[in-house]
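Encoded as structure tokens, the structure appears first; notes follow it.
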Amino acid sequence: MSELRAVSLGQVTTEIPKSPRPVSVLWQAPDSIAFVARGREHRSEFHNDPSDEVMYMIKGDMNLHYRTPAGEEKIAVIREGEIIYCPAGVPHSPRFSPDSFVLVLERKRRPEERDRFTWYCAQCGAELYESIKHVADYREDPVSRAYAEFYDTESHRTCARCGHVTARP
Ligand SMILES: [Zn+2]
């Protein structure tokens with residue numbers, strides 16, 4: 001066992017704005033992952049993952065959009081200093097500003113597990129595009145890679161049901 005060391009959340013949130021990456025991974029252990037993320041502008045997809053998530057707002061407020069099993073979109077507001085539990089399998093979209101920070105606790109994915117990043121049509125609600133990934137390492141920033149797949153290809157953003165094309169941000 002290596003030496004145990006505490007991490008300063010204040011220091012982490014000072015360093016993230018100077019980094020090209022929006023996420024700072026604090027640790028990745030088999031049963032526990034911790035990272036701090038700043039908000040992304042134009043967050044639009046819903047993330048469905050096999051791990052429970054606990055989110056604590058270090059700075060700023062978050063609108064956590066999520067979808068019920070019936071497909072209804074709801075919003076939970078998490079204010080600065082508040083914490084929320086999001087069960088595994090609930091599609092969720094954490095929307096908060098780039099100068100706000102969240103601490104996220106999850107567990108490491110098992111080899112057979114997949115994360116899904118799904119976009120829905122803003123006009124008719126149909127599913128537009130889904131990126132399925134094995135998230136082996138959070139430092140690879142899987143969310144940004146899914147965004148590139150969606151926005152770089154117009155057919156991924158074109159609704160098969162109503163023809164509406166989701167614009168680039
Ligand atoms: Zn549509």
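Side-chain contact annotation: Thr166 with Trp119, donor-acceptor N/O pair under 3.5 Å absent. A donor-acceptor contact closer than 3.5 angstrom is absent between the side chains of Ser93 and Arg67. Counted by atom type alone, His134 and Glu112 present zero donor-acceptor pairs between their side chains at under 3.5 Å. Defined by atom type and a distance below 3.5 Å, a donor-acceptor pair is missing between the side-chain atoms of Ser155 and Arg157. Tyr147 and Glu45 share a side-chain donor-acceptor pair at under 3.5 Å.
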Exercise for the section: List the steps and the verdict of side-chain contact (heavy atoms from CB on, under 4.5 Å) for Arg95 and Leu64. Expected result: CA-CA 6 Å; Arg95 299 181 189 175; Leu64 183 65; over 6 Å; no
Handout entry: Worked check of side-chain contact (heavy atoms from CB on, under 4.5 Å) between Lys59 and Thr13
Key = CA-CA 9 Å; Lys59 180 172 179 274; Thr13 56; 6.0 Å; no
Practice task
Using the side-chain contact (heavy atoms from CB on, under 4.5 Å) rule, take Tyr120 and Tyr129 through it: C-alpha gap first, then chi angles, then the decisive distance, then the call.
Solution key: CA-CA 7 Å; Tyr120 297 90; Tyr129 179 68; over 6 Å; no
Practice task
For Leu9 and Val36, run side-chain contact (heavy atoms from CB on, under 4.5 Å): C-alpha distance rounded to whole Å, both residues' side-chain angles, the deciding distance at 0.1 Å, then the answer.
Solution key: CA-CA 8 Å; Leu9 294 177; Val36 176; 4.0 Å; yes
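Proximity of a side-chain donor or acceptor of Lys108 to a complementary backbone N or O of Ser32 within less than 3.5 Å is not detected. One N or O on the side chain of Ser19 and one on the backbone of Arg21 form a donor-acceptor pair closer than 3.5 Å. Between the His92 side chain and the Val90 main chain, a donor and an acceptor come within less than 3.5 Å of each other. Judged by distance alone, with hydrogens and angles left aside, the side-chain atoms of His42 form no donor-acceptor pair with the main-chain N or O of Pro169 at under 3.5 Å. At distances below 3.5 Å, at least one donor-acceptor pair connects side-chain atoms of Glu113 with backbone N or O atoms of Arg110. With hydrogens and angles ignored, the 3.5 Å screen pairs no side-chain donor or acceptor of Asp52 with any backbone N or O of Pro87. In this structure, Thr153 contributes its side chain and His156 its backbone to no donor-acceptor pair below 3.5 Å.
Pairing each heavy atom of Ala34 with each of Leu105, the nearest pair is CB-CD2, 3.6 Å. The minimum heavy-atom distance linking Gly163 with Thr158 is given by the pair O-CG2, 4.2 Å. Nearest heavy atom pair, residue Leu128 against residue Cys159, reads CD2-CA, 3.4 Å. For Pro22 against Ile16, the heavy-atom pair with the smallest separation is O-CG2, 4.0 Å. For the pair Arg109 and Ser51, the tightest heavy-atom approach, listed with the atom from each and the gap, is NH1-CB, 3.7 Å. Nearest approach of Tyr151 to Ala167, heavy atoms of both residues: CE2-O, 3.6 Å.
Val77 has its side chain out of reach of Met62: every pair of non-hydrogen atoms, C-beta onward, lies at least 4.5 Å apart. In this structure, the side chains of Asp49 and Val135 stay at 4.5 Å or more apart for every pair of heavy atoms. A heavy-atom distance below 4.5 Å is found between the side chains of Phe46 and Glu73. Looking at Ser24 and Tyr138, their side chains never come closer than 4.5 Å, going by heavy atoms from C-beta outward. Using a 4.5 Å heavy-atom threshold, the side chains of Glu127 and Thr118 count as touching. In this structure, the side chains of Val23 and Arg40 come closer than 4.5 Å at one or more pairs of heavy atoms. Side-chain contact between Ile83 and Ile78: absent, with no pair of heavy atoms (C-beta onward) separated by less than 4.5 Å. Inter-residue side-chain proximity for Met57 and Ser100 is flagged as met; some heavy-atom pair is nearer than 4.5 Å.
Salt-bridge annotation for Asp31 and Arg107: absent, with no side-chain N of the basic residue lying under 4.0 Å from a carboxylate O of the acidic one. The pair Glu149-Lys133 meets the salt-bridge criterion, with a side-chain N (NZ, NE, NH1 or NH2) lying under 4.0 Å from an Asp/Glu carboxylate O. A salt bridge is defined here as a Lys NZ or Arg NE, NH1 or NH2 lying under 4.0 Å from an Asp or Glu carboxylate O, and Glu15 with Lys18 fails to meet this definition. Using a 4.0 Å cut-off between charged nitrogen and carboxylate oxygen, Arg116 and Glu130 count as a salt-bridge pair.
Note: Arg168 CZ to Asp152 CG = 5.5 Å, rounded to the nearest 0.5 Å. Ile33 contributes atom CD1, which lies 9.5 Å from atom CD of Glu53 (distance to the nearest 0.5 angstrom). Note: His47 NE2 to Asp115 CG = 3.5 Å, rounded to the nearest 0.5 Å. In this structure, OG on Ser97 lies 14.0 Å from CZ on Arg43, to the nearest 0.5 angstrom.
The ring-ring contact (aromatic ring centres under 6.0 Å, His included) analysis of residues 50-75, with sequence neighbours excluded, yields no pairs. Every pair tested for ring-ring contact (aromatic ring centres under 6.0 Å, His included) that includes a residue from residues 11-32 fails, sequence neighbours excluded, so the list is empty.
Using a 4.5 Å cut-off between side-chain heavy atoms of Ile, Leu, Val, Met, Phe, Trp and Tyr, with links allowed through other members, Val165 and Phe150 fall into different hydrophobic clusters. Cluster membership for Leu103 and Val25, using ILVMFWY side-chain heavy atoms within less than 4.5 angstrom, is not shared. Under a hydrophobic-cluster definition in which Ile, Leu, Val, Met, Phe, Trp and Tyr are linked whenever side-chain heavy atoms come within less than 4.5 Å, directly or via other members, Ile58 and Tyr85 are assigned to the same cluster.
Within a 6.0 Å sphere centred on CZ of Arg139, heavy atoms belonging to other residues, nucleotides or ligands number 12 at most.
In this view, Pro17 and Phe101 satisfy the side chain to side chain contact (heavy atoms under 4.5 Å, CB included) rule, not counting sequence neighbours.
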